[in-house]
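Chain identifiers are assigned alphabetically (A, B, ...) following the order of the sequence lines, protein sequences preceding nucleic acid strands; residue numbering begins at 1 within each chain. Everything numeric in this text was worked out from a predicted model, so none of it was measured.
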Protein chains: 2
Amino acid sequence: MTSPHHHAGGSPARKLSPNQSKILGCLREAGEPMSAYAILDRVRKSGIAHPPTVYRALNDLMKRGMVHRLESRSAFIACGHGECDGRFAFAICRACDKVIEIPLGEKEQARLLGLAPAEISPETVTLEIAGLCESCGLAQASPA
Amino acid sequence: MTSPHHHAGGSPARKLSPNQSKILGCLREAGEPMSAYAILDRVRKSGIAHPPTVYRALNDLMKRGMVHRLESRSAFIACGHGECDGRFAFAICRACDKVIEIPLGEKEQARLLGLAPAEISPETVTLEIAGLCESCGLAQASPA
DNA sequence: GCCGAGCGCGTTATGTTATATCATTGATCA
DNA sequence: TGATCAATGATATAACATAACGCGCTCGGC
């Protein structure tokens with residue numbers, strides 16, 4: 001048995017590997033979406049040196065629901081709820097990249113999956129809403 | 001026959017350039033999503049030789065609503081309705097890449113945009129539903 | 001006709017995102 | 001002790017996308 005290593009809280013299953021912890025920490029610190037290569041730059045000093053290392057960790061973290069991928073931006077972000085196994089949507093400011101995670105209730109999920117035609121039995125949904133956040137909206141309405 | 005009749009200025013519905021026509025034709029023939037480089041391979045015989053040519057045409061066609069991009073696959077597909085300026089969703093078979101375009105009614109659109117929190121005023125929605133199509137579902141249930 | 005502006009497009013080069021593959025390490029167990 | 005497997009390290013390359021420059025055509029003014 002190994003000693004508990006890190007991350008108090010809720011994880012019922014396996015623990016994170018050191019690399020996974022580093023990368024999750026990096027994303028949580030940032031609080032905003034980062035590309036895999038941006039993550040790589042930030043964790044180089046921690047000894048992570050190659051893209052596959054980052055992608056492996058990200059894929060594992062995504063399986064656990066602790067990191068999500070923003071498809072419309074090819075970027076990754078820490079789950080705002082620590083961990084979630086459900087479905088969620090994102091609202092993304094197209095100007096400043098701010099991201100807000102939107103948890104989807106059961107009903108909402110069902111409704112979204114129900115949009116799929118009979119020919120395709122739906123499994124996962126990717127929903128990203130782009131727009132302008134308040135400050136960027138103001139900045140644009142009255143430029144310098 | 002191409003009629004090279006282009007003109008800068010007010011006309012709201014300009015016609016397609018030769019390259020745009022070729023690439024739209026290619027996508028329509030395919031009837032399924034293609035990567036930009038797959039398109040490039042297919043139109044090389046028509047004289048298109050470089051990625052930027054393809055991306056330029058794709059971007060124009062997307063602005064016109066005649067081509068959509070599948071974010072979750074980095075692929076492009078001809079609009080199933082010829083042209084649409086509205087919102088739409090996609091159902092995608094994760095096994096065979098079959099794509100079905102789902103037109104979203106006004107109500108559905110409004111509901112989706114309404115999911116955005118107050119902080120972000122929503123503009124566009126990206127909704128992609130992945131799952132298994134009938135034949136792939138069967139194939140998986142009873143493998144050869 | 002001549003000229004310059006605008007535009008579509010060709011071309012080169014490079015940037016960015018992601019993965020296939022093999023090597024190394026370290027734990028487990030007959 | 002040595003076989004074996006899982007995880008990670010490292011190399012290389014594949015796949016996706018765009019920046020930047022330049023050419024040639026058509027259009028409009030003169």
Side-chain angles (χ1 to χ4, degrees), chain A residues 1-3 5-6 13-24 26-27 33-64 67-77 97 126 128, chain B residues 2-27 30 33-64 66-77 94 97 126 128:
Chain A
M1 299 316 151
T2 43
S3 56
H5 201 242
H6 142 283
R14 300 145 301 171
K15 34 197 317 268
L16 296 179
S17 78
N19 281 349
Q20 289 164 1
S21 297
K22 284 174 199 162
I23 280 165
L24 179 57
C26 172
L27 274 173
M34 300 179 74
S35 78
Y37 280 76
I39 294 168
L40 178 55
D41 285 344
R42 291 264 255 108
V43 297
R44 249 185 238 285
K45 52 187 70 107
S46 328
I48 294 176
H50 308 287
T53 306
V54 174
Y55 281 101
R56 274 198 284 244
L58 286 173
N59 285 332
D60 290 341
L61 290 167
M62 282 192 291
K63 276 190 203 129
R64 294 163 182 264
V67 163
H68 308 310
R69 182 193 161 95
L70 300 178
E71 300 289 351
S72 64
R73 311 209 142 220
S74 296
F76 303 86
I77 189 166
D97 278 14
T126 299
E128 301 180 12
Chain B
T2 50
S3 354
H5 172 231
H6 55 275
H7 178 74
S11 214
R14 293 150 306 172
K15 21 193 332 237
L16 296 180
S17 78
N19 281 348
Q20 288 164 2
S21 298
K22 284 175 199 161
I23 280 164
L24 179 58
C26 172
L27 274 173
M34 300 180 74
S35 78
Y37 280 76
I39 294 170
L40 178 55
D41 285 345
R42 290 264 253 109
V43 295
R44 247 184 239 284
K45 50 187 71 107
S46 328
I48 294 177
H50 308 285
T53 306
V54 175
Y55 281 102
R56 273 195 285 243
L58 286 172
N59 286 331
D60 289 341
L61 291 166
M62 283 193 290
K63 276 190 203 128
R64 294 162 182 264
M66 304 175 87
V67 163
H68 308 309
R69 181 191 161 93
L70 301 177
E71 299 289 351
S72 64
R73 312 211 141 219
S74 296
F76 303 85
I77 189 166
R94 63 171 158 81
D97 278 14
T126 299
E128 299 180 15

Open item on the list: With a 4.0 Å limit, can you tell me whether Ser35(B) has a side-chain N or O closer than that to the phosphate oxygens OP1/OP2 of dC16(D)?
Closed with: yes
- [ ] Look at the side-chain N and O atoms of Ser17(B) and state whether any lies under 4.0 Å from the OP1 or OP2 oxygen of dC9(C).
- [x] yes
Considering non-hydrogen atoms only, spot the tightest contact between [X] and [Y] and give its length.
| X | Y | value |
| --- | --- | --- |
| Phe76(B) | Ser35(B) | CD1-C, 4.5 Å |
| Lys22(B) | Ser46(B) | NZ-O, 3.2 Å |
| Met66(B) | Leu16(B) | SD-CD2, 4.2 Å |
| Ala57(A) | Ile23(A) | CB-CD1, 3.6 Å |
| Arg42(B) | Cys26(B) | CB-SG, 3.8 Å |
| Leu61(A) | Gln20(A) | CD1-O, 3.7 Å |

Rounded interatomic separation in angstrom, taking [atom1] from [X] and [atom2] from [N]:
| X | N | atom1 | atom2 | result |
| --- | --- | --- | --- | --- |
| Lys22(B) | dG8(C) | NZ | P | 15 Å |
| Leu40(B) | dA14(D) | CG | C1' | 15 Å |
| Arg44(B) | dC9(C) | CZ | P | 18 Å |
| Ile39(B) | dA15(D) | CD1 | C1' | 14 Å |
| Lys63(A) | dA7(D) | NZ | P | 10 Å |

Open item on the list: Any residue in residues 50-58 of chain A with a heavy atom nearer than 4.0 angstrom to DNA chain C? Just list them by number, or reply none.
Closed with: Pro51(A), Pro52(A), Tyr55(A)
Open item on the list: Would Val43(B) and Asn19(B) count as a side-chain contact (heavy atoms from CB on, under 4.5 Å) here? Give the steps.
Closed with: CA-CA 9 Å; Val43(B) 295; Asn19(B) 281 348; over 6 Å; no
TODO: Return the 5'-most residue of the pair Ala75(B), Asn19(A) with respect to DNA chain D, ranking by each residue's nearest nucleotide.
DONE: Asn19(A)
Task: Difference in axis direction between the ends of the helix from dG1(C)-dC30(D) to dA30(C)-dT1(D), five pairs, 10° - done: 0°
Open item on the list: If you only use heavy atoms from C-beta on, which nucleotide in dT18(D), dA10(D), dG10(C) is closest to the side chain of Asn59(B)?
Closed with: dT18(D)
TODO: Looking at every strand, decide which applies to Arg69(B) at a 4.0 Å heavy-atom threshold: base, sugar-phosphate, or nothing.
DONE: sugar-phosphate
Open item on the list: Once hydrogens and angles are ignored, does a donor-acceptor distance under 3.5 Å link the base of dA18(C) to the side chain of Tyr37(A)?
Closed with: yes
Task: Lys63(A)/Asp60(A) under side-chain contact (heavy atoms from CB on, under 4.5 Å): CA gap, chis, key distance, verdict - done: CA-CA 5 Å; Lys63(A) 276 190 203 129; Asp60(A) 290 341; 4.0 Å; yes
TODO: Kindly say whether Leu70(B) contributes a backbone atom to a donor-acceptor pair with the side chain of Glu128(B) at under 3.5 angstrom?
DONE: no
